[in-house]
Protein chains: 2
Amino acid sequence: MAFNKKEEFNPKEQSLAAFAKAISHPARIAILNVLAKRNECICGDIVELLPLAQSTVSQHLKELKNAGLIDGNIDGPRSCYCINWKAFEKFNTEFNSLFTTLKVKNEKACC
Amino acid sequence: MAFNKKEEFNPKEQSLAAFAKAISHPARIAILNVLAKRNECICGDIVELLPLAQSTVSQHLKELKNAGLIDGNIDGPRSCYCINWKAFEKFNTEFNSLFTTLKVKNEKACC
DNA sequence: ATCTTATATCGCAAATATACGATAAGCAAT
DNA sequence: ATTGCTTATCGTATATTTGCGATATAAGAT
């Protein structure tokens with residue numbers, strides 16, 4: 001039991017869910033905020049702004065990167081991260097389209 | 001270790017993360033779609049549309065309800081679920097506001 | 001009262017996520 | 001070559017999620 005059944009859903013559902021999962025932890029939202037508050041790639045010091053250990057922050061960064069929400073140049077010391085706006089916008093659109101599709105079709109819901 | 005540190009983040013981050021978590025599984029997105037495709041509360045038959053056991057679907061419905069995304073009249077047999085548009089819209093706004101704030105501040109990112 | 005049907009809940013197993021400390025890896029400067 | 005700094009990865013513990021079958025519950029039908 002408890003096999004992963006996620007693949008049995010359609011690609012749109014999967015990709016939106018994956019995006020949601022990427023931002024489903026306050027730490028990762030906080031990281032995105034930190035990255036966005038600067039007009040430049042941020043190198044390090046995210047750790048000091050979060051109540052988490054360095055290794056944990058590194059893990060969250062990795063997840064954001066795997067989800068394609070941020071880009072990172074991991075060159076030796078002083079890695080450099082910044083938000084991948086294209087991906088972010090793509091998913092934003094995807095989310096909104098789901099939302100509005102739902103909205104339109106269901107104006108006269110019963111409860 | 002592995003204590004839950006989510007409470008140490010600010011409320012906005014927590015609430016957005018909680019919403020994202022609610023829709024972070026394809027099954028739950030699929031359920032929202034099913035609920036939205038009808039102009040009435042749907043009673044049951046969601047189970048038939050998903051590749052999951054009845055008990056599992058029930059669990060996902062519960063999570064969506066806990067997150068406030070759907071309302072449900074659980075009156076004996078034939079429970080009745082439908083989308084809570086207010087909550088959904090609230091979170092949509094919240095998400096967009098995060099997104100646009102980020103966007104504006106970071107037009108000239110370096111990578 | 002009993003049966004049927006629909007849904008929720010319980011109990012459990014397996015998978016994933018969260019978090020940390022310890023350690024490795026990479027490079028700059030000495 | 002060694003030191004120091006920054007970041008990634010490994011190993012591990014614990015928590016949470018996912019999923020199912022079995023069982024309970026609730027109400028309508030017989």
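Letters go in sequence order (proteins before strands), and every chain restarts at 1.
With rounding to whole Å, A:Arg28 atom CZ is found 12 Å from C:dT16 atom C1'. In this structure, CG of A:Leu52 is placed 17 Å from P of C:dA17, rounded to the nearest angstrom. Nucleotide C:dA17 holds its C1' atom 14 Å from the CG atom of A:Leu64, rounded to whole Å. Rounding to whole angstrom units, CD1 of residue A:Ile23 and P of C:dT18 are separated by 13 Å. Between the CD1 atom of A:Ile70 and the P atom of D:dT7 there is a distance of 13 Å, rounded to whole Å. Going from atom CD1 of A:Ile31 over to atom P of C:dA19 covers 10 Å, rounded to whole Å. Between B:Lys5 atom NZ and D:dA15 atom P there is a gap of 14 Å when expressed in whole angstrom units. Atom NZ in A:Lys62 sits roughly 15 Å away from atom P in C:dA25 (whole-Å rounding).
Remark: A:Asn84 engages A:Asp71, A:Lys86, A:Ala87 in a side-chain contact (heavy atoms from CB on, under 4.5 Å) (not counting sequence neighbours). Residues passing the salt bridge (charged side-chain N to carboxylate O under 4.0 Å, His left out) test with A:Glu13, sequence neighbours excluded: none.
B:Ile83 has its side chain out of reach of B:Leu64: every pair of non-hydrogen atoms, C-beta onward, lies at least 4.5 Å apart.
Between the SG atom in B:Cys80 and the CG atom in B:Leu35 there is a gap of 9.5 Å [rounded to 0.5 Å].
Mapping A:Lys21 and A:Pro51 onto DNA chain C by nearest heavy atom places A:Lys21 closer to the 5' end of the strand.
Taking side-chain N and O atoms only, A:Lys6 has no distance below 4.0 Å to OP1 or OP2 of C:dT16. A sub-4.0 Å separation between OP1 or OP2 of D:dT18 and a side-chain N or O of A:Asn4 is absent. Distances shown here put a side-chain N or O of B:Tyr81 below 4.0 Å from the OP1 or OP2 atom of C:dA8.
Non-hydrogen atoms lying under 4.0 Å from DNA chain C are contributed by B:Gln54, B:Ser55, B:Ser58, all within residues 54-61 of chain B.
Between B:Ile70 and B:Tyr81, the shortest heavy-atom contact is CD1-CD2, 3.8 Å.
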Let me check something: any side-chain donor-acceptor pairs from residues 15-27 of chain A under 3.5 Å, sequence neighbours excluded? List them with distances.
| residue | atom | partner | partner atom | Å |
| --- | --- | --- | --- | --- |
| A:Ser15 | OG | A:Glu94 | OE2 | 2.6 |
| A:Ser24 | OG | A:Lys21 | O | 2.8 |
| A:His25 | ND1 | A:Ala27 | N | 3.0 |

Listing, residues 48-61 of chain B side-chain donor-acceptor contacts under 3.5 Å, not counting sequence neighbours, or none:
| residue | atom | partner | partner atom | Å |
| --- | --- | --- | --- | --- |
| B:His60 | ND1 | B:Arg28 | NH1 | 2.9 |

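Minimum atom distance to the side chain of A:Glu63 is reached by C:dT18, of the listed D:dA8, C:dC20, C:dT18.
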